[in-house]
Amino acid sequence: MMDRLYEGKAKIVYLTGEPEVLLVHFKDDATAFDGAKRGTIGGKGYCNAHISAHAFCYLERAGVPTHFRELRPPTDMLCTRVRILPVEVVMRNIAAGSISKRLGIEEGTDLPFPVLEHFYKNDDLHDPLINTDHIRALGLASEEQMDAVNAMARKINGLLRGFFAQCGLLLVDFKLEFGVTSDGRILLADEISPDTCRLWDAETRAKLDKDRFRRDMGGVEEAYQEVLRRVEKAAG
Ligand code: TMP
């Protein structure tokens, strides 16, 4: 049995025989609102591992360095070991979720340009919204690192909008995490899945993401399966 390095709400990270390589296991467990709501989404681990693998491969081919190495079906992937920067980057194309509440923008309103936000990855503080000065003052990342992270996030947004458009999906918003390798390179890390992206059907605007779980809308499993089906179809 491999040593468990870390267990999060949706994933377990294991050490492997190689110091630079980790095995990431995607769980069916789902939480929302900072763990206040808990449940299981059948088949989520399988869907998220496969959807993430497709998205990471697509980004790698477009020149974005990621932690992804190899899919280990059904629910695992091998990744390059990184130290995760404690700054979550959210990119928004259409207003939804917390920006709608915080700024009073009706959900579904197109934003005039992609809006980038930073959140402090800290469970005790409930991941508060922070700005560039907060990041520097708290020493969460250097200015050079954040310049690189922000540029990568904007590039990734353009690429993922195209990736999901091929699947008939609108990329409403998403959350990214970045990590630093032992030799100081910055890689896109974490996952790209209906847990971390809002995805709406391009025609009907039906929600095909974790909001179905957060908001008790039903059809949760089916939404994850549908996103995977479309991603696999687009990949050919
Ligand atoms: P928000 O509207 O709740 O701030 O969420 C923005 C995006 O970030 C949305 O696609 C869901 C994703 N997200 C996560 O991946 N993890 C989280 O803990 C939260 C709050 C949001």
Side-chain angles (χ1 to χ4, degrees), residues 6-11 24 26-39 41 44-45 47-49 51-52 55-56 66-67 84-111 114-131 134 140 149-150 152-154 156-161 163-165 167 169-179 188-202 205-217 220 223-224 227 231:
Y6 170 81
E7 176 156 5
K9 294 178 194 128
K11 297 191 285 299
V24 177
F26 287 74
K27 300 193 280 189
D28 285 352
D29 298 350
T31 66
F33 314 117
D34 239 346
K37 180 180 170 77
R38 288 167 188 278
I41 301 173
K44 176 167 83 75
C47 290
N48 285 1
I51 294 164
S52 289
F56 282 134
T66 81
H67 73 155
I84 296 286
L85 294 172
V87 178
E88 298 187 349
V89 181
V90 169
M91 293 288 320
R92 302 181 186 272
N93 299 303
I94 300 174
S98 70
I99 198 175
S100 290
K101 283 212 185 72
R102 193 186 327 118
L103 301 181
I105 311 172
E106 193 188 344
E107 186 159 286
T109 307
D110 282 334
L111 294 166
V115 171
L116 186 156
E117 296 175 342
H118 297 125
F119 293 85
Y120 181 17
K121 189 173 158 68
N122 184 314
D123 281 340
D124 293 338
L125 298 175
H126 312 294
D127 297 351
L129 180 72
I130 51 174
N131 70 20
H134 297 139
L140 305 183
V149 159
N150 293 340
M152 284 171 76
R154 292 194 188 277
I156 290 162
N157 182 45
L159 290 165
L160 287 183
R161 284 173 84 163
F163 175 80
F164 286 117
C167 307
L169 293 167
L170 288 175
L171 179 59
V172 173
D173 59 30
F174 57 100
K175 183 262 296 180
L176 300 175
E177 296 188 23
F178 294 86
L188 176 65
D190 195 45
E191 66 181 274
I192 295 167
S193 75
D195 273 12
T196 60
C197 302
R198 283 196 175 93
L199 299 166
W200 294 355
D201 182 272
R205 298 205 150 203
K207 296 184 197 311
L208 293 171
D209 57 59
K210 193 176 163 188
D211 271 346
R212 301 200 74 88
F213 169 80
R214 295 189 188 99
R215 302 178 187 188
D216 296 318
M217 297 171 74
V220 186
Y224 283 74
V227 172
V231 164

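Each ligand, and each atom within it, is numbered from 1 in the order the structure gives. Here, residue 1 is the first one in the sequence, and each next residue gets the next number.
Every protein residue with a heavy atom nearer than 4.0 Å to ligand 1 is included here: V90, R92, A96, G97, S98, D173, F174, K175, D195, T196, C197, R198, R214.
Using modelled atom types, one finds no donor on one side chain facing an acceptor on the other under 3.5 Å when comparing S100 with R92.
Taking OG1 of T31 as the start and NZ of K210 as the end, the distance is 5.0 Å to the nearest 0.5 Å. In this structure, F174 CZ and E88 CD are separated by 13.0 Å, a value rounded to the nearest 0.5 Å.
Residues R214 and D195 come closest through the heavy atom pair NH2-O, 3.5 Å.
For K121, the side chain to side chain donor-acceptor pair (under 3.5 Å) criterion is met by E177, not counting sequence neighbours.
Here E107 does not pair with R198 in a salt bridge; the nearest charged N to carboxylate O distance is not below 4.0 Å.
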